[in-house]
K.L.:
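Pasting a structure below so you can have a look.
Letters go in sequence order (proteins before strands), and every chain restarts at 1. These numbers come from the heavy atoms of this one structure, side chains and all, not from hydrogens, waters or symmetry mates.
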There are 2 protein chains.
Amino acid sequence: MNFSTSEENYMKAIFHLQQENSTVTTNRLAALLNARPASITDMMKKLKTKKIVHYRPYRGFRLTTEGNKIALGIIRRHRLWEYFLSEKLKFTWDEVHDIAEDLEHVSSKKLIDKLDAFLGYPRFDPHGDPIPDHQGKIEKNRQLALSEVPLNKTVIVCHVSDQSSPMLELMKHNNIHMGTRLEVKKKFSFDQSLEIKIRQQAPFTVSNQVAKKISVKYGT
Amino acid sequence: MNFSTSEENYMKAIFHLQQENSTVTTNRLAALLNARPASITDMMKKLKTKKIVHYRPYRGFRLTTEGNKIALGIIRRHRLWEYFLSEKLKFTWDEVHDIAEDLEHVSSKKLIDKLDAFLGYPRFDPHGDPIPDHQGKIEKNRQLALSEVPLNKTVIVCHVSDQSSPMLELMKHNNIHMGTRLEVKKKFSFDQSLEIKIRQQAPFTVSNQVAKKISVKYGT
DNA sequence: AAATAAGTTTAGACAAACCTAAATTAATTA
DNA sequence: TAATTAATTTAGGTTTGTCTAAACTTATTT
């Protein structure tokens, strides 16, 4: 079956909300999609008849097995394009999301598989999110928050949950981006701040609050 | 201003029809776009208020200067994506059109300019059609029909006007594609057929009819 | 267990982009 | 030039995806 851009955006949004909670509500989806609750209800009825979501009025909804598969396909497209934009076209990692948002709806399977091959089958996008393979399989990236990292272990920045400007500012200022390798040198117990060291740079400190928003994985 | 996918398709179609004739009619556009004449009229009214076309009922229409500029931008996107698909993703040149048809509507200027740079500022797409530059300027490709080529001059295949299956068949069979370098060795006056030689291949003949449909340009 | 608040759905409208069928205009021919 | 034909436009309808405002459920308080 073939889906409209709008339907695809709904599926993707439900998928993301489901990561946290198993059942998704009208209002939460409306907030995420910048739409009115009434519009959500309309679309849920439609997606229900298409067997994409389980839905009973007033009881929230979740993707069916089929819906999940389709959502993973959309996310695959999104993340491969993000990787392309960042790696090949040299966009900065904060610019890629919006453009990928459009490109992801071009739905030729062959295009995406060839793009995947051209990019060398990357497993993570520039934000550190895993890219589903052509069967929709996702590699779990054992991530942990920077705030949880043991001292003197080299870790790689692979996700930032807060994309607000102050956060981006702070990252840029300290030269942190996707793929940055760093170590936690000290943990100050009085205010829980961390001293961070990036190779060949002066150390600096970040608050625990900020460190919670930066995910890393082990690596050299 | 921002345009819908549909508006963009209309502009592009008018642009193409204008290449032959200066003024375009409802029926011709309807045929090209696979739409009903009534739909064309609706859209022309809309594009007129947006100052994209000159239009007086029953008198046909043509793009305004502004409309022309926009159309060139769309064609630029289309042809850059075609080039990308063929050159980087290794699609065959007959597969690229339909996919580019979708990609062309992703309208970030920055995306297209970066893509252009990534591709090395190509000047012709895989069908041999010129790619407008970032200002909309088109390089005129001094093309001529294969049937007009002087003997023993190396030329490069850069356009095929007939995309029917028999033609594609014939091209494939003789190993002719975009960019193929060849020479005309003999012209048989009794039936006007041509003997063609591609480097490191046995010579073969093609009829004058076929040779008229293959455009080439000079080059080594 | 009512009453209230919060969340959700229904009813009805609207714009975009199509369509069909009927009416109109322009072009052609007798 | 009047009649016929071909092309175009108008009128009105459909689908998709959105919206607002009102009605209805469910959850939470008192």
Side-chain angles (χ1 to χ4, degrees), chain A residues 1-14 17-18 20-63 67 70-71 74 101-102 104-107, chain B residues 1-14 17-18 20-63 67 70-71 74 101-102 104-107:
Chain A
M1 208 188 292
N2 232 36
F3 298 96
S4 70
T5 295
S6 201
E7 289 170 330
E8 289 192 348
N9 284 334
Y10 275 83
M11 286 187 240
K12 196 170 49 126
I14 296 169
L17 288 176
Q18 267 186 192
E20 301 150 35
N21 257 306
S22 77
T23 173
V24 179
T25 67
T26 304
N27 267 1
R28 286 217 297 150
L29 194 49
L32 185 59
L33 287 171
N34 264 122
R36 294 307 143 127
S39 310
I40 306 300
T41 303
D42 287 350
M43 184 58 96
M44 287 312 109
K45 284 188 205 159
K46 191 170 158 209
L47 291 183
K48 186 188 173 160
T49 71
K50 291 197 177 190
K51 305 255 174 80
I52 296 302
V53 296
H54 297 292
Y55 167 56
R56 284 186 45 225
Y58 297 101
R59 291 279 109 118
F61 27 81
R62 59 180 209 288
L63 292 169
I70 296 166
I74 301 163
E101 202 74 8
D102 289 338
E104 76 189 9
H105 300 295
V106 176
S107 60
Chain B
M1 207 188 292
N2 232 35
F3 298 95
S4 70
T5 294
S6 199
E7 291 170 328
E8 290 192 347
N9 284 335
Y10 276 82
M11 287 188 241
K12 197 171 48 128
I14 296 169
L17 288 177
Q18 268 185 192
E20 302 152 35
N21 258 306
S22 77
T23 172
V24 179
T25 67
T26 304
N27 267 1
R28 286 216 297 150
L29 194 50
L32 185 59
L33 287 170
N34 264 122
R36 294 307 144 124
S39 310
I40 306 299
T41 302
D42 286 351
M43 185 59 96
M44 286 312 108
K45 285 189 207 160
K46 194 172 155 205
L47 291 184
K48 185 188 173 159
T49 71
K50 291 197 177 190
K51 304 256 175 80
I52 296 304
V53 296
H54 297 292
Y55 167 55
R56 286 186 45 226
Y58 296 101
R59 292 277 110 119
F61 28 81
R62 58 180 211 288
L63 293 169
I70 298 165
I74 302 163
E101 202 74 8
D102 289 337
E104 75 189 11
H105 300 294
V106 176
S107 60

K.L.:
Among the nucleotides dT26(D), dC18(C), dT9(C), which one has an atom lying closest to any side-chain atom of Thr26(A)?
P.N.:
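Closest nucleotide among those given: dT9(C).
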K.L.:
Out of curiosity, Arg28(B) CZ to Ile40(B) CD1, how far, rounded to the nearest 0.5 Å?
P.N.:
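With rounding to 0.5 Å, CZ (Arg28(B)) is 12.0 Å from CD1 (Ile40(B)).
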K.L.:
Would you say Ser6(A) places a side-chain N or O within less than 4.0 Å of OP1 or OP2 belonging to dT18(D)?
P.N.:
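Checking dT18(D) against Ser6(A), a side-chain N or O does come within under 4.0 Å of OP1 or OP2.
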K.L.:
For Arg59(A), answer base if it contacts any base atom (sugar-phosphate contacts may also be present), sugar-phosphate if it contacts only those atoms, and nothing otherwise; contact means non-hydrogen atoms under 4.0 Å.
P.N.:
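Sugar-phosphate only.
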K.L.:
State whether Lys45(A) places a side-chain N or O below 4.0 Å from either non-bridging phosphate oxygen (OP1 or OP2) of dT10(C).
P.N.:
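For dT10(C), OP1/OP2 do have a side-chain N/O of Lys45(A) under 4.0 Å.
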K.L.:
Do the side-chain N or O atoms of Tyr10(B) get closer than 4.0 angstrom to the phosphate oxygens (OP1, OP2) of dC18(C)?
P.N.:
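The answer is yes; a side-chain N or O of Tyr10(B) sits under 4.0 Å from OP1 or OP2.
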K.L.:
For residues Phe61(B) and Thr26(B), determine if any side-chain heavy atom of one lies less than 4.5 Å from a side-chain heavy atom of the other.
P.N.:
yes
K.L.:
Side chains of Val24(B) and Tyr55(B): closer than 4.5 Å at any heavy-atom pair?
P.N.:
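No; the side chains remain at least 4.5 Å from each other.
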K.L.:
Between Phe3(B) (CZ) and dA16(C) (C1'), how many Å, whole number?
P.N.:
15 Å
K.L.:
Where the side chain of Thr41(A) is concerned, which of dA21(D), dT26(D), dT8(C) is the nearest nucleotide?
P.N.:
dT8(C)
K.L.:
On DNA chain D, compare the nucleotides closest to Glu7(A) and Ala38(A); which residue's is nearer the 5' end?
P.N.:
Glu7(A)
K.L.:
Do the side-chain N and O atoms of Asp102(B) and His105(A) include a donor-acceptor pair separated by under 3.5 angstrom?
P.N.:
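Distance-only check fails for Asp102(B) and His105(A).
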K.L.:
Please report the distance, rounded to the nearest Å, between CZ in Arg56(A) and C1' in dC24(D).
P.N.:
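Atom-to-atom, Arg56(A) to dC24(D), this comes out as 16 Å.
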K.L.:
When you measure from the side-chain N and O atoms of Tyr55(A) to the phosphate of dT9(C), is any distance below 4.0 Å, counting only OP1 and OP2?
P.N.:
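Checking Tyr55(A) against dT9(C): at least one side-chain N or O falls below 4.0 Å of OP1 or OP2.
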K.L.:
OP1 or OP2 of dA16(C) versus the side-chain N and O atoms of Ser4(B): is any pair under 4.0 Å?
P.N.:
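Ser4(B) to dA16(C) OP1/OP2: no side-chain N or O under 4.0 Å.
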K.L.:
Mind calculating the distance between CE (Met43(A)) and P (dT15(D)) to the nearest angstrom?
P.N.:
16 Å
K.L.:
Does Asn27(A) put a side-chain nitrogen or oxygen below 4.0 Å from OP1 or OP2 of dA6(C)?
P.N.:
no
K.L.:
Is a side-chain N or O of Glu8(A) found less than 3.5 angstrom from the main chain of Ile74(A), in a donor-acceptor match?
P.N.:
no
K.L.:
To the nearest Å, how far apart are Arg36(B) CZ and dA16(C) C1'?
P.N.:
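Distance, rounded to whole Å: 19 Å.
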K.L.:
Please state how far atom CG in Asn34(A) lies from atom C1' in dC19(D), giving the value in whole angstrom units.
P.N.:
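Interatomic distance, CG of Asn34(A) to C1' of dC19(D): 14 Å.
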K.L.:
Between Tyr58(A) and Tyr58(B), who's closer to the 5' end of DNA chain D by nearest nucleotide?
P.N.:
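Its nearest nucleotide being more 5', the pick is Tyr58(B).
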K.L.:
Which part of the nucleic acid, if any, lies within contact of Ser39(B), taking any heavy atom under 4.0 Å across all strands shown: a base, the sugar-phosphate backbone alone, or nothing?
P.N.:
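The residue Ser39(B) makes base contact.
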K.L.:
Nearest whole Å is fine: how far is dC18(C) C1' from Ile40(B) CD1?
P.N.:
11 Å
K.L.:
Do other residues, nucleotides or ligands put more than 12 heavy atoms under 6.0 Å from Arg62(A) CZ?
P.N.:
no
K.L.:
Where the side chain of Ala35(B) is concerned, which of dC19(C), dT26(D), dT9(C) is the nearest nucleotide?
P.N.:
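Within the option list, the nearest is dC19(C).
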K.L.:
Write down the distance between CE (Met44(B)) and P (dC18(C)), rounded to a whole number of angstrom.
P.N.:
11 Å
K.L.:
Using a heavy-atom cut-off of under 4.0 Å over every strand shown, decide if Pro37(B) touches base, sugar-phosphate, or nothing.
P.N.:
base
K.L.:
Grab the CG-C1' distance between Leu29(B) and dT8(D) for me, whole Å please.
P.N.:
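Rounded to the whole Å, the gap is 13 Å.
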